[in-house]
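This report refers to the structure that appears directly beneath it.
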Amino acid sequence: MEAAALLSPTATSRSPLPLLSTAPAARRLHVLLPLSGRRRRLHLSPRPRGLGCAGDGVARRMDSSRERGVLVRSSSSASVESATQEVGAASSGEWSGDAIRRRFLDFYAAHGHKILPSSSLVPDDPTVFLTIAGMLQFKPIFLGKEPRRVPCATTSQKCIRTNDIENVGRTSRHQTFFEMLGNFSFGDYFKKEAITWAWELTTKEFGLPPERLWISVFQDDDEAFSIWHNEVGVPKERIKRLGEDDNFWTSGATGPCGPCSEIYYDFYPERGSSDADLGDDSRFIEFYNLVFMQYNKKDDGSLEPLKQKNIDTGMGLERMARILQKAASMALVSYTTADDAMKTNLKIIGDHMRAVVYLISDGVIPSNIGRGYVVRRLIRRVVRTGRLIGIRGDGHGNSEGAFLPSLAEVAISLSTEIDPDVESRRKSILGELQREELRFVQTLERGEKLLDELLDEALSNAGNNGGKPCLSGKDVFLLYDTYGFPVEITAEIAGERGVIVDMKGFDMEMENQRKQSQAAHNVVKLSVGNETEIVKSIPDTEFLGYDSLSATAVVKGLLVNGNPVNVVSEGSDVEIFLDRTPFYAESGGQVGDNGFLYVYGEEDAKQKAVIEINDVQKSLGNIFVHKGTIKQGSVEVGKEIDAAVDAKLRQGAKAHHTATHLLQSALKSVIGSETSQAGSLVAFDRLRFDFNFHRPLSEEELMKIESLVNKWVSSATHLETKVMDLQDAKNAGAIAMFGEKYGEQVRVVEVPGVSMELCGGTHVSNTAEIRGFKIISEQGIASGVRRIEAVAGDAFVEYVCARDNYMRRLCSSLKVKAEDVNGRVETILEELRTTRNEVSSLRSKIAVLKAASLASKATTIDSTRVVVENMGDVDADGLKSAAEYLVDTLEDPAAVILGSSPGDGKVSLVAAFSPGVVKMGIQAGKFVGGIAKLCGGGGGGKPNFAQAGGRKPENLPGALEKARDEIVAAISSKSS
């Protein structure tokens with residue numbers, strides 16, 4: 001367990017700390033410590049202490065705890081032996097990870113908190129890459145963008161942090177995946193309750209001895225100090241006042257902020273309270289953090305009290321014992337007897353496996369971009385670490401298999417409490433891991449080949465320059481990052497061949513990557529743009545568009561270039577806030593409506609202004625922003641307007657949205673229920689649906705999908721929509737749309753017997769309105785992610801008519817009937833292939849004839865016949881034939897190097913060496929590759945024959961001259 005438990009069955013000072021155990025033996029103990037980590041600012045440092053990072057500062061001093069009769073590992077150890085009889089006796093008071101989570105949640109539920117589920121690891125927040133904090137799902141409430149749904153809540157939030165991946169396993173406090181236990185108040189209770197409940201939970205529920213607990217408060221927070229001392233009873237000498245850097249939380253340069261207070265465990269109370277330093281990691285562990293969000297920081301730095309004061313707490317929880325034991329058994333090692341290097345590797349496997357299981361479950365598929373790259377990087381680190389410790393194949397004797405699925409089975413079995421949906425996605429998770437692992441093993445093998453080539457090059461360069469052979473830091477990093485080679489293995493292999501490794505250069509490359517990762521993905525920004533002031537006075541927009549495409553509304557606000565204004569005149573682009581609207585705002589993949597707003601005179605009812613709306617977006621919760629251009633007149637705040645949605649475009653969106661639901665059902669029916677949505681676009685004229693699947697769909701599968709959707713369309717089924725509780729909807733089988741955020745009440749759209757989804761979009765009332773459905777394309781957009789584009793409704797009719805017109809014209813050109821087009825095209829293609837082969841054959845014969853004349857120009861270097869010539873515009877195939885002819889015609893040993901410029905800015909090169917030249921140690925592949933670089937290209941091949949190309953034909957004459965000089969020099973040196 002990365003986080004070690006400081007939990008004892010009683011509150012007495014003599015009680016040992018019971019440890020989490022999954023081992024059958026009574027004396028085999030496991031360690032679990034719920035830790036918050038130090039929370040300061042949401043702008044995280046390279047060594048994150050913000051937002052209650054689980055395991056922060058956990059066991060940096062643990063080894064010395066043996067002196068107190070307690071053995072607590074500073075690692076992700078799943079099984080540790082008791083150090084003394086005291087710890088052995090504690091095993092009867094073990095706590096499981098599930099039990100700790102349940103005790104925390106039930107405690108706060110008993111105090112009026114609503115237990116809310118963990119949100120997705122893919123946040124509904126463009127400022128954050130992955131969910132890195134327990135409070136993230138409540139950010140809009142803390143900012144005042146959304147109303148609170150409950151007065152107070154408690155959660156166990158799954159979190160991912162990737163800014164220090166390389167430190168996972170090497171330190172006790174770094175983790176990729178962790179759970180954050182938290183309790184939150186949205187203007188309900190404040191400091192007194194937060195402090196007293198935290199103390200009660202810690203000392204009575206979890207049984208920590210009160211005399212071992214220390215408290216930190218912000219230096220000016222007399223209120224918190226008083227509560228801890230006068231009401232809780234903590235002695236003054238165990239309450240430390242700390243400065244702003246340690247105990248004042250801010251969301252950024254401006255915005256919500258406030259003091260925080262932390263609870264620490266003291267491993268050495270016998271050292272006394274004099275000069276005690278809570279930052280002394282050899283003595284103290286911080287494990288619970290309380291943030292009192294009570295101020296708003298203004299632009300000038302001053303603080304004003306918040307009208308709604310909030311509470312945000314964090315206590316980290318980690319458990320990975322069973323995963324670690326599984327990995328250890330596969331590698332045929334015991335964690336308890338493993339050396340430090342082996343334990344580090346096992347910890348890496350345990351941490352990363354849990355992370356990737358939850359990420360894939362949340363729809364993040366391995367790829368080379370964005371979140372997918374995070375998953376791929378974690379998987380590759382597990383695979384290469386597994387191979388490093390001796391895991392081969394599936395770990396059970398099948399050398400061609402994969403071992404990640406076996407580890408994932410354990411992680412999935414542990415997921416029930418934090419995310420029940422993981423179990424239902426077991427098949428797709430295991431399949432994705434297996435495919436990714438097997439692909440990467442092939443990559444590793446290619447990396448081994450590349451390493452050999454790089455070492456050869458380093459040795460060659462050192463021989464030419466007289467220096468010491470060295471593998472550059474960039475090359476080492478390439479092997480590490482792209483091919484998954486641990487730097488230790490690279491250094492070991494290089495050392496065997498007498499090549500040193502530029503570790504300084506490698507460290508620089510690693511640092512650059514780390515900085516880029518931190519800068520991009522580990523900051524939670526609690527701030528909004530210039531529209532902040534205007535929206536304070538604007539209520540949520542009432543949406544009328546399910547029932548009507550027109551309505552009368554009042555202009556509540558105007559923005560031009562992001563700045564609030566009262567009046568906007570003709571010709572200006574504007575953002576308009578209305579109190580009510582029939583316009584749909586972009587969400588759930590569906591684009592925002594288009595249409596017009598009209599302003600009429602109050603007395604004569606004449607049209608005074610026309611605003612063309614070309615987009616509608618949601619901002620700051622449920623406020624609709626109508627974006628458009630003033631085509632006529634002017635508009636001002638407070639005026640009444642008539643809003644009219646473009647009915648034709650809306651109908652197109654409705655048809656494509658319902659067709660998207662039918663498409664997803666058809667996909668699940670044809671290729672398997674485990675496939676899931678990975679993204680979508682519902683436009684007026686088309687739909688795009690991204691889904692998780694590991695291979696291209698066959699033509700037969702696509703036809704089945706099309707046929708199913710059109711069958712449902714023609715059935716003329718009436719759709720049913722209803723609002724119900726989120727959990728009831730899920731229990732009924734409703735599918736959640738990818739990336740959407742749901743409240744407790746959700747809208748369910750159902751095509752009876754076919755589809756049921758949670759969806760706020762607009763839909764047809766009857767499937768017959770879709771008219772028809774046609775798939776335009778199916779393609780891969782990332783590893784494990786496919787994309788279907790299709791048309792429905794009017795767009796379907798237009799597409800089919802256009803295709804019919806193309807076919808008519810094609811039939812006319814080929815002078816055949818439509819059913820004979822394929823046969824005629826195949827005949828034409830075959831004729832073309834035959835003609836091309838004939839042309840190629842003639843060119844090769846011409847090239848050989850030219851080569852015959854070159855044989856007489858061969859020069860002799862120490863009995864070796866050498867030909868280096870430019871053959872003009874001969875193509876690559878002709879050049880190959882000429883070289884083969886010459887090397888066969890000339891007596892062995894012979895070396896032939898030919899070049900040509902076949903056109904289009906291309907260069908072709910070929911080198912053919914007879915067996916005698918190859919025996920001299922001169923290889924065609926390496927030789928021609930170096931010459932090709934002079935022509936802006938590259939290439940290679942076998943020792944006796946190689947081809948290359950380039951893009952700089954103007955450099956060919958010089959390149960051939962250099963080739964002549966180098967081959968002569970090489971032959972001369974070998975002969976001498």
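Numbers here are sequence positions counted from 1.
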* Would you say the side-chain atoms of His626 and Thr581 include a donor-acceptor pair closer than 3.5 Å? -> yes

* Could you tell me whether Glu778 and Arg786 have a side-chain N and a carboxylate O separated by less than 4.0 Å? => yes

* Of Asn710, Val791, Val797, the residue whose pairing with Lys774 passes side chain to side chain contact (heavy atoms under 4.5 Å, CB included) -> Val791

* To do: Working to the nearest 0.5 Å, report the span between NZ of Lys556 and CG of Asp579.
  => 6.0 Å

* Check the surroundings of atom CD in Gln779: do more than 12 heavy atoms from other residues, nucleotides or ligands lie under 6.0 Å from it? => yes

* Could you pull out all residues at least two apart from Ser676 that satisfy side chain to side chain contact (heavy atoms under 4.5 Å, CB included)? => Asn692

* Straight-line distance of Lys608 NZ to Lys639 NZ, nearest 0.5 Å -> 10.0 Å

* Asked: Would Asp573 and Lys627 pass as an ion pair if we require N to O under 4.0 Å?
  -> no

* **Basic-acidic side-chain contact under 4.0 Å: Glu789, Arg688** => no

* Asked: Is atom CD of Glu819 surrounded by more than 12 heavy atoms (other residues, nucleotides or ligands) closer than 6.0 Å?
  -> yes

* To do: Look at Arg149 together with Glu744 and state whether they make a salt bridge at an N to O cut-off of under 4.0 Å.
  => no

* To do: Taking side-chain hydrogen bond (donor to acceptor under 3.5 Å, both in side chains) as the test, write out the residues that go with Ser572, two or more places apart.
  => none

* To do: Any chance you could measure Thr658, atom OG1, to Leu663, atom CG, to the nearest 0.5 Å?
  => 12.5 Å

* **side-chain hydrogen bond (donor to acceptor under 3.5 Å, both in side chains) evaluation trace for Glu831 with Thr835** => CA-CA 6 Å; Glu831 292 173 353; Thr835 302; over 6 Å; no

* To do: Drop me the distance from Thr675's OG1 to Arg425's CZ, to the nearest 0.5 angstrom.
  => 12.0 Å

* Can Gln590 and Thr762 be counted as having a side-chain donor-acceptor contact under 3.5 angstrom? -> yes

* Got more than 12 heavy atoms from elsewhere within 6.0 Å of CZ, Arg747? -> yes

* Run the salt-bridge test on Lys704 and Glu701 with the 4.0 Å N-O cut-off and return the result as yes or no. => no

* Asked: Is the number of heavy atoms from other residues, nucleotides or ligands under 6.0 Å of Arg836 CZ greater than 12?
  -> no

* **Any residue meeting ring pair (Phe, Tyr, Trp, His ring centres under 6.0 Å) with Phe624, in chain and number order, not counting sequence neighbours** => Phe543

* Asked: Counting distance only, does the side-chain N/O of Lys654 pair as donor-acceptor with the main-chain N or O of Val764 below 3.5 Å?
  -> no

